[in-house]
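I have placed the structure first, in the form of structure tokens, so that the comments after it can refer back to it.
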Amino acid sequence: MAKIKITQIKSVIDRSERQKKTVEALGLKRINHSVEVEATAAIIGMVKKVNHLVAVENI
């Protein structure tokens, strides 16, 4: 499977609880924090739900 790098670029303050939990489930802790994960269908779906808060790069 392909890997992707997800970077949080915006704060989760004033976002819904669901969006906060999704960002946390992706492994992001703060702005400019990045994680490398496998590009599974579940991860892609989570990224689409918070795409306004994160940046995604293919590795």
Side-chain angles (χ1 to χ4, degrees):
M1 282 228 122
K3 291 194 94 167
I4 56 174
K5 181 178 179 182
I6 306 169
T7 305
Q8 184 177 346
I9 57 170
K10 288 192 176 179
S11 174
V12 293
I13 295 173
D14 284 341
R15 303 295 175 178
S16 69
E17 193 63 33
R18 187 171 186 166
Q19 290 177 355
K20 290 179 185 180
K21 295 282 187 183
T22 302
V23 170
E24 181 182 337
L26 286 169
L28 300 170
K29 301 182 185 313
R30 60 192 169 278
I31 296 176
N32 292 327
H33 184 235
S34 297
V35 293
E36 293 181 10
V37 294
E38 294 290 329
T40 62
I43 296 293
I44 298 299
M46 292 166 67
V47 168
K48 286 183 180 179
K49 291 293 183 181
V50 293
N51 65 349
H52 55 290
L53 301 175
V54 299
V56 181
E57 301 173 34
N58 289 323
I59 298 179

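The structure displayed is predicted, hence computed values, not measured ones.
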Which residue pairs satisfy the side-chain hydrogen bond (donor to acceptor under 3.5 Å, both in side chains) criterion with at least one member in [range], sequence neighbours excluded?
| range | value |
| --- | --- |
| residues 10-31 | none |
| residues 33-44 | Thr7-Ser34 |
| residues 45-59 | none |

Under 4.5 Å between side-chain heavy atoms, chaining through other members, with only Ile, Leu, Val, Met, Phe, Trp and Tyr counted: pull out the rest of the cluster around Ile44, sorted by chain and number.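 The other cluster members (ILVMFWY side chains, heavy atoms under 4.5 Å, direct or chained) are Ile4, Ile6, Val12, Val23, Leu26, Leu28, Val35, Val37, Ile43, Met46, Val47, Val50, Leu53, Val54, Val56.
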
Residues clustering with Ile31 (ILVMFWY side chains joined when closer than 4.5 Å, directly or via others): none

